[in-house]
Amino acid sequence: MNYWLMKSEPNELSIDDLKRAKREKWHGIRNYQVRNMMRDVMKKGDLALFYHSNAGKEIGVVGVMEIVKEAYGDVTQFDAENKYYDAKSDLANPRWLCVDVKFVQKFARQVTLNEIKSNKFFADLPLVKKGNRLSVVQIKKTHFDKLVLLASKAV
DNA sequence: GCCAACGTTGGC
DNA sequence: GCCAACGTTGGC
């Protein structure tokens, strides 16, 4: 069982969007490191924290989702109208993969990036490490549990 | 909008 | 294989 932190810009897909849809394709991954992790490590039943990136004051961890379908060809890479279109990808051997995720919960309150940064407990969380730009990172269960706990408490 | 810190591309 | 140029991410 693995634990993840997955970033999404709320104007593309927010926790509320996922809550409404219940289930979504996590598409648009165009980074080989992330693709390989999704392909080789991510399993059905894994839990992931939903992180809002590029969201002004609303940056932070906002909820939990579950991986319900393991890596398969991302349909957006073959859609010329889509912003994630990749002309070099081969239909028979897709370059890019996506997974399906299911809404689990939206936190009572958001745990902000500032809060995470100022807490020594998260010193080695990939999110706060310099240079980390991967949109999907694997995290420790202890970090996952702590974030869920923090989110359930008032500030 | 800026820019640091990456990653990718392609000529050589 | 090197590396300059370019593109992207994402916090600020």
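Excluded from the calculations below are hydrogen atoms, water molecules and symmetry mates; all remaining heavy atoms, backbone and side chain alike, are included. The sequence lines fix the lettering, A, B, ..., with proteins before strands; numbering per chain opens at 1.
Below 30°, between 30° and 60°, or above 60°: for W26(A) and F50(A) the angle between ring planes is above 60°, a perpendicular geometry.
Looking at R30(A), its side chain has no donor and acceptor atom pair within 3.5 Å of the base of dT8(C).
Each of V136(A), N54(A), V137(A), L127(A) was compared with K7(A) under the side-chain contact (heavy atoms from CB on, under 4.5 Å) criterion, and only L127(A) meets it.
Between the CG atom of N31(A) and the P atom of dA5(B) there is a distance of 18 Å, rounded to whole Å. The CG-C1' distance, from N132(A) to dG7(B), rounds to 13 Å in whole Å. A straight line from CG of N114(A) to C1' of dC12(C) spans 10 Å, rounded to a whole angstrom. One interatomic measurement links the two molecules: NE2 of H52(A) to C1' of dG10(C), which rounds to 15 Å at whole-angstrom precision. Rounded to a whole Å, the OH atom of Y84(A) is 18 Å from the P atom of dG7(C). Following rounding to the nearest Å, L134(A) (CG) and dT9(C) (C1') show an atom-to-atom distance of 10 Å. Rounded to an integer number of Å, the gap from M37(A) CE to dG7(B) C1' is 15 Å. Counting to the nearest Å, the C1' atom of dT8(C) and the CD atom of E9(A) are 11 Å from each other.
When the nucleotides dC6(B), dT9(B), dT8(B) are ranked by their closest atom to the side chain of R133(A), dC6(B) comes out on top. Which of dA5(B), dG11(C), dG7(B) sits closest to the side chain of L113(A) comes down to dG11(C). The side chain of Y32(A) lies closest to dT8(B), out of dT8(B), dC12(C), dG10(C). When distances run from any side-chain atom of S53(A) to the nucleotides dG7(B), dA5(B), dG11(C), the shortest one goes to dG11(C). When each of dG10(B), dT8(B), dG10(C) is scored by its nearest atom to the side-chain atoms of K88(A), the top-ranked nucleotide is dG10(B).
For the pair Q110(A) (side chain) and E58(A) (backbone), a donor-acceptor distance under 3.5 Å is present.
Between K130(A) and R95(A), the one whose closest nucleotide on DNA chain B sits nearer the 5' end is K130(A).
Residue Q33(A) is classed as a sugar-phosphate contact, given heavy-atom separations below 4.0 Å to backbone atoms only. In this structure, K117(A) reaches the sugar-phosphate backbone alone: every heavy-atom distance under 4.0 Å involves primed, P, OP1 or OP2 atoms, never a base.
Close to dG11(C), at under 4.0 Å from its OP1 or OP2, lies a side-chain N or O of Y51(A). For dT9(C), the OP1/OP2 oxygens have no side-chain nitrogen or oxygen of K7(A) closer than 4.0 Å.
Checked for salt-bridge contact, R95(A) and D86(A) meet the test: a charged N lies under 4.0 Å from a carboxylate O.
Checking D145(A) against T142(A) by side-chain atom types alone, no donor-acceptor pair falls below 3.5 Å.
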